[in-house]
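Below: the structure, in structure tokens.
Throughout, protein chains are lettered first and strands after them, A, B, ... in sequence-line order, and every chain is numbered starting at 1.
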2 protein chains.
Amino acid sequence: MDEIDLKILKILQKDAKYSLEDLSTELKMPKSTVAYRIKRLESLNIIKGYYAQIDPTALNLDYIVISLIRGKYSKDYHIELGSKLANIPGVWGVYFVLGDTDFIVIARYRNREDFMKNYLERITSMPEVERSSTHVVVKIIKESPNMVIWW
Amino acid sequence: MDEIDLKILKILQKDAKYSLEDLSTELKMPKSTVAYRIKRLESLNIIKGYYAQIDPTALNLDYIVISLIRGKYSKDYHIELGSKLANIPGVWGVYFVLGDTDFIVIARYRNREDFMKNYLERITSMPEVERSSTHVVVKIIKESPNMVIWW
DNA sequence: TCTGAAATCAGAATGGT
DNA sequence: ACCATTCTGATTTCAGA
């Protein structure tokens, strides 16, 4: 991992379709070398894949929630509960955190019923959950998880 | 937007490099038709772009934080504060929410100093911020914001 | 590890239904 | 909106440095 790799990653995190041609002029090195480096980054799993970003609102995913969850302590409770939360349909983010809460969970649904059925009812019926407080997102001001390199 | 579009999106949200060839066999329709549909989804901004997924830990982005922020009320305070938060280097998610907190912010840094300098000092010196509580992420159990279609 | 050239293949363009 | 064919150009491969 050197400066050149970093430049490649910086470009590809913004645009996966950026061509070898353009990268090669940008980096002042032959296409084949760029290709070689990208392949390397892929095989090292630094580049984990390429995906299309779909607009959630286009699919009517307007009911977005973020929950703070406190668990009931027991052996391995955080591993058990963590995977249980991660497997709830609609949930895309589960973070185990320090502080007065244990897990922070982010999920997207199409409407209130969808949310109630898939999410709330499950969470509230999990014996490992001691307490949860859920925030409804009014507006997504920023959501760009792909922008890993910001410096 | 029909069932076929949804199938295309379901595949591309996981793998942007899935070829027209394979999509055409999968969907039992010619390449050119698939290409036509994808172009349509792009121009309608349902597909917002294609990104490389970079492993944050490969770049030593191990200091991940989630903050709950309460603002001081004033005219347009949430628009002002929202964009201020979104512009902090390292911040990739800003959500305006209902409940006892106003904003939820997610950010990634390489270490404690990086976090202190770029994030904490800024947040605590913003006059629009009344109160903030920041949780350090111990473990990312799930993070797949690109998986928009889960049903 | 890097490079140049050749070969292959995928995607864009076209024109017709 | 859909499809077959053609055409263009990007990516892969490979031999050599």
Problem - B:Glu143 bridged to B:Arg108 by N-O distance under 4.0 Å - result: yes
Handout entry: Mutual orientation of the aromatic rings belonging to B:Phe96 and B:Phe103 [parallel < 30°, tilted 30-60°, perpendicular > 60°]
Key =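 B:Phe96 vs B:Phe103 ring planes: tilted.
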Please report the distance, rounded to the nearest Å, between [atom1] in [X] and [atom2] in [N].
X: A:Arg40; N: C:dC2; atom1: CZ; atom2: C1'; result: 12 Å
X: B:Tyr36; N: C:dT17; atom1: OH; atom2: P; result: 18 Å
X: B:Leu41; N: D:dC2; atom1: CG; atom2: P; result: 11 Å
X: B:Ile38; N: C:dA12; atom1: CD1; atom2: P; result: 9 Å

Problem - Ring-face cation contact, B:Tyr50 with A:Lys17, 6.0 Å cut, 45° max - result: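 Here A:Lys17 passes the 6.0 Å and 45° test against B:Tyr50.
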Practice task
May I ask you to check whether over 12 heavy atoms, not counting those of B:Met116, lie within 6.0 Å of atom CE?
Solution key: no
Practice task
Could you list the residues that satisfy side chain to side chain contact (heavy atoms under 4.5 Å, CB included) with B:Thr25, not counting sequence neighbours?
Solution key: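 Partners of B:Thr25 by the side chain to side chain contact (heavy atoms under 4.5 Å, CB included) criterion come out as none, since no residue qualifies.
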Completion exercise
Closest of C:dT1, D:dA4, D:dC2 to the B:Pro30 side chain is D:dA4
Handout entry: Heavy-atom pair with the smallest gap, counting every atom of B:Gly82 and A:Ile141
Key = O-CG2, 3.7 Å
Please list each protein N or O that sits under 3.5 Å from an N or O in nucleotides 11-17 of chain D, with the distance.
| from | atom 1 | to | atom 2 | distance (Å) |
| --- | --- | --- | --- | --- |
| D:dT11 | OP2 | A:Leu20 | N | 2.7 |

Exercise for the section: Please determine if a side-chain N or O atom of A:Arg37 lies less than 4.0 Å away from the OP1 or OP2 oxygen of C:dT1. Expected result: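 Indeed not, no polar side-chain atom of A:Arg37 lies that close.
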